Amino acid sequence: MSIENAGVFPKIIAHAKEYGFVFPSSEIYDGLQAVYDYGQNGVELKNNLKQLWWKTMTQIHENIVGIDAAIFMHPSTWVASGHVASFNDPMIDNKDSKKRYRVDHLIEGYADQLAAEGKADKAQAVLDEMNRLLAAEDFAGLHRFITDEGIKCPISGTANWTEVRQFNLMFSTQIGSVADEANTIYLRPETAQGIFVNFLNVQKTGRMKIPFGIAQIGKAFRNEIVARQFIFRMREFEQMEMQFFVRPGTEMEWYNFWKEMRMKWHKALGIPESKLKYHDHEKLAHYANAALDIEFQFPFGFKEIEGIHSRTDFDLRNHQELSKKKQQYFDNEINQNYIPYVVETSVGADRIFLMHLCNAYTEEVTGEGENRKERTFLKLHPAIAPVKAAIFPLTKKDGLPEKAEQIYKALKTDFRVVYEEKDSIGKRYTRQDLIGTPFCIAVDHQTLEDDTVTIRDRDTAAQRRVPIAALRDEIGHAVSFARVFEKL
Ligand code: GAP
C-alpha cells in the first residue's frame, strides 16, 4: 500500500530526520527557516542524483560539457539578466500577526478554501482575477481585492493588511573591506548566468559547434518569503541547469526534444508516469518564448520539479549590450554570425530528492490477524540508494563474522556497502529497509560449506541463495547507471 495523501507528508519529514537524510540547519539553535542540512544518508542520495544528472548531460550527450562557475558574479550580471529590476514578488503584511505573505500564495490559499467548501466556480473566479491583477502589476488593485474578499491572515484571523509591496528575492553582501553601495554583490539566484557569461570561453576553448550545451550543478540562493513544505522551497538550494545553444529559428525543435528527454529521465529513475505531468506556462517570463514545468504529484499536490524554458537570445544579448563584448557565434554551415538562442533545462537537486523520498516512502501491511505485519521501507531506485547492500553474519560466532567481513571487503571497492552484526537479523533488515538499501546479504552456516549466501530483496522481502562469486554482478546490474541511461 503506497500512500498518496497530505497526511503522509509529516511522516516523510520525520523519517528524513530520524534516518539521517535531512536535518534542520543549525538545529541546536532551533534551526534557520527554510535552510536544511543533508545527513549521512541524504548526502549519498543527493550525490547519486547529481551524478546521474551530470553523467546524463556530459557523458550521454556528446555535445554537452560541464562547468563550475563561482557563486559570486560581477553585479552587472544581475542587471543584464533582469534580476535586479524584476526578480520580485508582491508581498503583503498582516499588521496584527506581523506575518508577511506572498500575495499569490495568500489568494491561492483562499481559493483552495473556497474549493474545499464546494464553491469551485467562485474559487476559479478568484484565481482569474488574481492572475489578471498580477499580470497588470496592479498592486493597489490586489490590495483592494484582498480586502474586499475579506481574506484573513491564518495566524491572527484578521484582515488588517498593509499595502502590497515588491520585495527582491536576491541576497546581497559586500565584497572587500569597505561597505559601500559599489561593493554590493549578490548570491546567485540561479546558476544559469554563470553559464551565459562563460558561453564564449567554452565555445572557443572546446571548439564547440552549435547546437551544444553547457551544464552546471551548484548552489543558488533566494530570499523566499514564504518558505514552506520542508525542502520543497528553500532559501539555499542546489540547481542542475543546462543551457543548450541553438541556431535561431530551431529553438522549438530543441524545446520539444528537451521536454521529452527530461520527462524520460525522471521515468527512467522509477517515477511512475501517473505521478508526472507537464504544465505549460500561460504567462511567459520576460525572457521566454515558450516555457513549461514538469510537475510531480507530491503528497500536497502536483508541483513543479523542473522548468524547460526557451529563453531566446535574451540573456546573451543583454550581456553583450552591458559588457560591450560580442556574444556571437559564426555558423559556417550557413555562413552567418548570430547570437545563439537558448533552450534551458533547470531542475532542483533538492526538489527531486524530495520527489524520490515521497515516491519511495512505503508503508506496507501484509497478512491478517496473528500474521499481520507492518513494514516501512524506502523503495528507492537502486542506482540512487545511499547504501547498495548490507552484509550480515547470521550469528556472531562459528567464523560467520569473519566470512561476512571478507565479503564486505571484497564488495566495498565497487559499491557503498555496510557490515553489521549487532542485533537480531530481523532488526538489521528493518534498519536497511528504512534507508532504502536494495539488498541484504546474510552469511549462515551453509555459506561455510558451499560459498553461497542469501540475498534479500528490499521490495519483496524474498530471499534467494546465490554464490558469493555472483554478488558483484548481481548488485552491479541493479545499481548500474548504464541501465538508467538505456531508457533515455
Ligand atoms: N534558470 C531558470 C530558473 O532558475 P526556476 O523555475 O526559478 O528557473 C528552476 O527554478 C528549478 O529550481 C525549479 O524547478 C526547482 O526545482 C528549483 N528551485 C527553484 N527555487 C527553489 C527553492 N526556493 N528551493 C528549492 N528548489 C528551488
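Being a predicted model, the structure only gives us computed values, none of them experimental. One-based numbering, in listed order, for ligands and for the atoms of each.
- Heavy atoms from both the backbone and the side chain of R233 come within less than 4.0 Å of ligand 1.
- Contact check for F196 versus V342: side-chain heavy atoms found under the 4.5 Å cut-off.
- Among protein heavy atoms, the minimum distance from atom 9 (C) of ligand 1 is reached at S346 OG, 3.0 Å.
- For F9 and F300, the ring centers are positioned less than 6.0 Å apart.
- Residue contacts with ligand 1 leave out R235, since none of its heavy atoms falls under 4.0 Å from the ligand.
- Across the listed options H281, E306, Q229, R222, R222 owns the non-hydrogen atom lying nearest to atom 5 (P) of ligand 1.
- Of all protein heavy atoms, the one lying nearest to atom 15 (C) of ligand 1 is R351 NH1, 3.4 Å.
- Ligand 1 has a nitrogen or oxygen under 3.5 angstrom from a nitrogen or oxygen of E241.
- Every N/O-N/O distance between Y287 and ligand 1 stays at or above 3.5 Å.
- Taking the charged nitrogens against the carboxylate oxygens, D350 and K46 do have a contact shorter than 4.0 Å, which makes a salt bridge.
- The closest approach between any non-hydrogen atom of R311 and ligand 1 is below 4.0 Å.
- Ion pairing between a basic and an acidic side chain is recognised when a charged N comes within 4.0 Å of a carboxylate O; R311 and E241 show no such pairing.
- Using a 4.0 Å cutoff on heavy atoms, I305 counts as a contact of ligand 1.
- Scanning the protein heavy atoms around atom 10 (O) of ligand 1, the nearest turns out to be Q239 NE2, 3.4 Å.
- Scanning the protein for heavy atoms near atom 8 (O) of ligand 1, the closest one is H309 CE1, 3.7 Å.
- Between R132 and E129 there is a salt bridge, with a side-chain nitrogen of the basic residue lying less than 4.0 Å from a carboxylate oxygen of the acidic one.
- Protein heavy atom nearest atom 14 (O) of ligand 1, with residue, atom name and distance: E304 OE2, 2.6 Å.
- Closest of all the heavy-atom pairs between T345 and W258 is CG2-CB, 3.8 Å.
- Using a 4.0 Å cut-off between charged nitrogen and carboxylate oxygen, R458 and D433 do not count as a salt-bridge pair.
- A heavy-atom distance below 4.5 Å is not found between the side chains of Y36 and K17.
- Residue G348 has at least one nitrogen or oxygen atom sitting less than 3.5 Å from a nitrogen or oxygen atom of ligand 1, judged on distance alone.
- Salt bridge status for E253 with R247: absent, with no side-chain N to carboxylate O gap under 4.0 Å.
- Put simply, the side chain of I210 reaches to within 4.5 Å of the side chain of Y338, judged on heavy atoms.
- Below 30°, between 30° and 60°, or above 60°: for F481 and F485 the angle between ring planes is above 60°, a perpendicular geometry.
- An N or O contact shorter than 3.5 Å links M234 to ligand 1 by distance.
- The shortest N/O to N/O separation between D350 and ligand 1 does not fall below 3.5 Å.
- In terms of N/O distances under 3.5 Å, ligand 1 is approached by E344.
- Counting protein heavy atoms only, atom 25 (C) of ligand 1 is closest to F232 O, 3.3 Å.
- Scanning the protein heavy atoms around atom 18 (N) of ligand 1, the nearest turns out to be F237 CE1, 3.5 Å.
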